[in-house]
Amino acid sequence: MLLVIDSANIESIQELNEFFPVDGVTTNPTIITKEKRPFLPLLKDIRSIISKEKMLFVQVLQEYAEEMVKEAVYLKEEIGGNLYIKIPVTAEGIKAIKQLKQQGIRTLATAIYTPMQALVAAKAGADFVAPYVNRIDNLAGDGVQVVRDIVESFDRYQLSCQVLAASFKNTQQVHGVGLAGAHGLTVGPEILKSLVEHPVTESNVKQFVENWKLFYGESCNSVIHTQ
Ligand code: E4P
């Protein structure tokens, strides 16, 4: 299962990349503009933090296929490394995904709301699809069920496209897409950290140390210095 950071914040990426087994970073135009700095140096900084081996996902802005393809080629030349171009799953986007597949540029079809959008994108040659779990839930849909249906249809038709579930607002949604068989998930810094946080775990850890000191003495706070 791939675990990806959904952020362009340098400090968060540095911290999460150090502590967690992350496979890469996803961005989108909104995420990038939140950082309030020129986008190309920002993306290059992200690339240098995560190294050229980890996945970096960058989205095109243009509406028409030919322009999307030009942007994709530009981003590949400028950023390099293990790069995936995010293409919105419109008809023009599908056309761009087909062309980029022929050119050997890898893509992620983004803004996926239905299993059919995912199926068409996968058939066009997308390497990933990103169903927007929380945004589907907000539209009175069932984001986890959409992910489950996409995974099932890819399995049924033996499509190699992977499901990178996106747009989360809570850990229950993350848990759900995990059970639904998503190949990966991209989550913001706060949710990523909260995946391992539990108040009882914290108090257990404190209790272990207290019990140790009660027996071995107050100064013994490491197994290395305990006789
Ligand atoms: C993925 O890269 C998407 O752009 C992102 O997860 C969308 O998340 P949001 O619904 O929180 O904006």
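One-based numbering, in listed order, for ligands and for the atoms of each. Please read these numbers as outputs of a predicted model, since none were measured by experiment.
Short contacts between ligand 1 and T26, defined as distances under 4.0 Å to a heavy atom of the residue, involve ligand atoms 2 (O). Close approach of ligand 1 to Y132 (heavy-atom distance below 4.0 Å) involves ligand atoms 3 (C), 4 (O).
Looking at I85, L83, D127 one by one, the single match for side chain to side chain contact (heavy atoms under 4.5 Å, CB included) with R106 turns out to be D127.
Residue contacts with ligand 1 for F168 are absent, since no atom lies close enough (heavy atoms, distance under 4.0 Å).
Connection of I32 to L56 is established within a shared hydrophobic cluster, with ILVMFWY side chains joined at heavy-atom distances below 4.5 Å, either directly or through further cluster members. The same ILVMFWY cluster, assembled from side-chain heavy atoms under 4.5 Å apart, contains both M68 and I79.
Counting only heavy atoms of the protein, atom 6 (O) of ligand 1 lies nearest to D6 OD2, 2.6 Å. The closest protein non-hydrogen atom to atom 11 (O) of ligand 1 is K169 NZ, 2.9 Å. The single protein non-hydrogen atom nearest to atom 4 (O) of ligand 1 is N28 ND2, 2.6 Å, given as residue, atom name and distance. In this structure, the protein non-hydrogen atom closest to atom 12 (O) of ligand 1 is R135 NH2, 2.7 Å. Among protein heavy atoms, the minimum distance from atom 2 (O) of ligand 1 is reached at K86 NZ, 2.6 Å.
Between T26 and L164 the shortest side-chain heavy-atom distance falls below 4.5 Å.
A salt bridge does not link K206 to E202: none of the charged nitrogens lies less than 4.0 Å from a carboxylate oxygen. The pair K213-E210 does not count as a salt bridge, with every side-chain nitrogen at least 4.0 angstrom from each carboxylate oxygen.
Considering backbone and side-chain atoms alike, T27 places every N or O at 3.5 Å or more from each N or O of ligand 1. At a 3.5 angstrom cut-off on N or O pairs, S167 counts as close to ligand 1.
Remark: Y157 engages no residue in a ring-ring contact (aromatic ring centres under 6.0 Å, His included) (not counting sequence neighbours).
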